[in-house]
Amino acid sequence: APVGVLDPFWQPKGYITATEYSRFCGPVVPLARMKKLVFTNDETFMADIDACNYSGGENRMTANWIIRNSAGEVLASDQLLTKAVPNGSVTNLGKVQFPLKKIASAEMLNLEVTFGDSGIANDWDFWVFPKSLETEISKHVFLTQSPKEALEKLQSGSNVLLMPKPDTIKSNTRGSFKPIFWNRVTFPSQADHTLGILCDPQHAALKQFPTESHTNWQWYDLLQNCKPMVLDDLPQQITPIVRMIDDWFVCRKLGLVFEASVKQGKLIVCSIDLMKDLETRPVARQFRYSLLKYMQSNAFAPKAELDAELLKKLLPVKLPTNPKK
């Protein structure tokens with residue numbers, strides 16, 4: 001079954017170990033209450049730390065907390081007051097506060113809480129993004145939402161970031177952070193049909209955007225504001241920079257970001273909304289910044305070629321007959 005951590009023989013399915021599972025599911029576990037998981041570096045990270053005790057007896061808990069960056073370096077640490085935690089209760093032990101002003105670039109941080117030397121621990125990832133970023137677009141990159149304009153620029157040899165509006169994308173898809181419930185066989189009428197993203201965190205296009213190979217909470221805003229593209233008709237060599245995983249029953253090749261050489265130009269197509277309300281959407285602002293920095297670098301050299309006619313099928317527009325020079 002696609003749910004649960006054990007198979008019918010009570011053996012682990014392999015995607016989590018018993019040690020990892022016991023960090024958040026056991027007789028005694030640390031908990032953290034946070035209002036959000038995405039911050040800008042003009043804010044202060046805050047979390048209320050609780051002890052959940054269902055061990056059968058009262059425990060005295062001393063919580064130690066530590067914040068590390070993605071390289072494992074310790075940025076801050078402290079100890080909270082020791083408190084008695086009755087059995088069958090969730091008891092607050094204190095608050096973590098960490099000003100983020102010294103975090104200069106986008107980064108995933110981790111808060112870990114341990115209870116003394118008991119070996120009991122739990123941890124949580126959170127993300128910090130710059131409050132402001134350079135907004136000037138290099139003259140070497142043309143940004144547009146118009147497939148027609150993109151084709152004109154590509155035929156004259158430009159680098160193009162095309163972010164098509166949802167109604168110009170020829171696909172019956174819906175973006176969502178929330179995964180499909182069970183599958184489309186059992187519940188065919190549900191709107192959500194995807195299972196998160198798959199990407200290569202080492203791809204140069206994602207160099208300025210902290211991510212793992214899979215969906216995590218920093219992707220929420222992006223996936224709630226996207227329309228997956230069906231790439232089945234595109235050449236096999238075109239591997240999405242960010243792939244959206246379709247339900248296994250349909251199993252289409254879905255993408256949110258892909259790159260290709262088209263005519264004399266180089267193209268990235270991104271079907272995530274990176275245009276509206278960027279001043280209040282730090283994740284979208286950072287993702288757009290990462291794509292643009294990549295396109296202005298020597299690393300931007302798509303190996304796969306895409307015929308303009310196939311691009312027309314994906315984004316139905318009339319190919320200009322007299323491209324601007």
Side-chain angles (χ1 to χ4, degrees), residues 23-24 28-53 60-85 89-118 120-135 177 201 206-212 214-225 272-274 276-290 293:
R23 288 173 74 88
F24 59 83
V28 179
V29 294
L31 301 176
R33 301 179 188 271
M34 295 162 279
K35 291 184 178 181
K36 58 183 182 178
L37 292 171
V38 171
F39 297 82
T40 51
N41 60 0
D42 63 333
E43 297 181 287
T44 295
F45 170 80
M46 291 189 290
D48 286 300
I49 305 303
D50 295 341
C52 179
N53 178 24
R60 291 187 64 79
M61 303 293 186
T62 302
N64 302 296
W65 63 267
I66 186 167
I67 292 176
R68 300 180 177 90
N69 62 18
S70 54
E73 299 168 336
V74 176
L75 303 182
S77 62
D78 205 349
Q79 185 177 89
L80 303 180
L81 295 176
T82 301
K83 289 187 179 180
V85 182
S89 74
V90 176
T91 301
N92 181 259
L93 301 180
K95 185 185 293 289
V96 171
Q97 296 190 68
F98 175 53
L100 301 170
K101 59 184 178 182
K102 292 185 179 180
I103 310 299
S105 57
E107 192 161 2
M108 181 178 78
L109 305 184
N110 180 269
L111 167 68
E112 182 179 43
V113 175
T114 59
F115 287 158
D117 57 0
S118 65
I120 297 171
N122 203 354
D123 70 286
W124 305 266
D125 295 328
F126 63 98
W127 291 263
V128 183
F129 295 93
K131 175 63 176 179
S132 60
L133 288 166
E134 60 184 74
T135 57
F177 181 84
L206 303 176
K207 184 177 181 179
Q208 305 295 330
F209 186 79
T211 187
E212 300 141 297
H214 53 80
T215 309
N216 210 329
W217 283 103
Q218 85 278 30
W219 283 92
Y220 182 87
D221 175 60
L222 301 179
L223 299 188
Q224 289 297 112
N225 292 280
I272 303 169
D273 179 7
L274 304 179
K276 70 179 182 184
D277 303 327
L278 294 185
E279 65 279 0
T280 60
R281 298 172 62 212
V283 177
R285 185 170 65 232
Q286 185 70 38
F287 193 83
R288 170 171 155 159
Y289 174 80
S290 189
K293 291 292 283 186

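Please read all numbers here as calculations on a predicted model, not as lab measurements.
Summarising the geometry of Gln208 relative to Gln286, their closest heavy-atom pair is O-NE2, 2.6 Å, with the distance given to 0.1 Å. Of all heavy-atom pairs spanning Asn64 and Gln79, the tightest one is OD1-NE2, 2.8 Å. Between Met34 and Ala47, the shortest heavy-atom contact is CG-CB, 3.5 Å. Closest approach of Leu278 to Arg285, counting heavy atoms only: O-NH1, 2.7 Å. Between Asp273 and Ala284, the shortest heavy-atom contact is O-CB, 4.3 Å. Listed here is the closest heavy atom pair of Phe115 and Leu93: CE2-CD1, 3.6 Å.
Side chains of Pro210 and Phe129 form a contact here, defined as non-hydrogen atoms less than 4.5 Å apart. Residues Ile120 and Pro30 form a side-chain contact, since some pair of their non-hydrogen atoms from C-beta on lies under 4.5 Å apart. A 4.5 Å side-chain heavy-atom check between Leu222 and Val283 finds at least one atom pair inside the cut-off. Leu75 places a side-chain heavy atom less than 4.5 Å from the side chain of Ile103. Residues Asn122 and Val113 are not in side-chain contact: their nearest non-hydrogen atoms beyond the backbone lie 4.5 Å or more apart. Counting heavy atoms from C-beta on, the side chains of Met61 and Thr91 never come closer than 4.5 Å. In this structure, the side chains of Arg288 and Leu133 stay at 4.5 Å or more apart for every pair of heavy atoms. Contact of the Lys35 side chain with the Met46 side chain is not registered, since no non-hydrogen atoms from C-beta on lie closer than 4.5 Å.
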(message) Please evaluate residues Lys276 and Arg281 with respect to the criterion side-chain contact (heavy atoms from CB on, under 4.5 Å), reporting the C-alpha separation (whole Å), side-chain torsions for both, the decisive distance (0.1 Å), and the verdict.
(response) CA-CA 9 Å; Lys276 70 179 182 184; Arg281 298 172 62 212; 3.9 Å; yes
(message) Show, in sequence, the C-alpha distance, side-chain angles and deciding distance for Phe287 and Trp219, and conclude whether the ring-ring contact (aromatic ring centres under 6.0 Å, His included) test is met.
(response) CA-CA 10 Å; Phe287 193 83; Trp219 283 92; 5.7 Å; yes
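Other residues, nucleotides and ligands place no more than 12 heavy atoms under 6.0 Å from the NZ atom of Lys207. For Lys83, the NZ atom sits in a packed shell: over 12 heavy atoms of surrounding residues, nucleotides or ligands are nearer than 6.0 Å.
Screening Leu111, Val128, Leu109 against Phe98 for a side-chain contact (heavy atoms from CB on, under 4.5 Å) leaves a single residue, Leu109.
The side chain to side chain contact (heavy atoms under 4.5 Å, CB included) check on Ala104 picks up nothing, with sequence neighbours excluded. Taking the ring-ring contact (aromatic ring centres under 6.0 Å, His included) definition, one finds that Tyr289 meets it with nothing, sequence neighbours left out.
With values rounded to the nearest 0.5 angstrom, Asp48 atom CG is found 3.5 Å from Lys95 atom NZ. Taking CG of Leu31 as the reference point, atom CZ of Phe24 lies at 12.0 Å (rounded to 0.5 Å). Within the model, atoms CE of Met108 and CZ of Arg68 stand 12.5 Å from one another, a figure rounded to the nearest 0.5 Å. Taking CD1 from Ile66 and CG from Asp123, the interatomic distance works out to 11.5 Å, rounded to the nearest 0.5 Å. In this structure, the separation between OG1 on Thr44 and CG on Leu100 is 6.5 Å, given to the nearest 0.5 Å. Residue Glu212 holds its CD atom at 6.5 Å from CD of Gln218, rounded to the nearest 0.5 Å.
Residues Trp217 and Phe177 place their aromatic rings such that the two centres sit under 6.0 Å apart.
The aromatic rings of Phe126 and Phe45 sit parallel to each other, their planes meeting at less than 30°, with 60° as the upper class boundary.
Remark: side-chain polar atoms of Asn92 are paired, donor with acceptor, to backbone N or O of Ile49 under 3.5 angstrom. Panel note: side chain Asn53, backbone Val85; a donor-acceptor pair is recorded below 3.5 Å. No donor-acceptor distance shorter than 3.5 angstrom exists from the side chain of Asn41 to the backbone of Pro130, with no hydrogens or angles considered.
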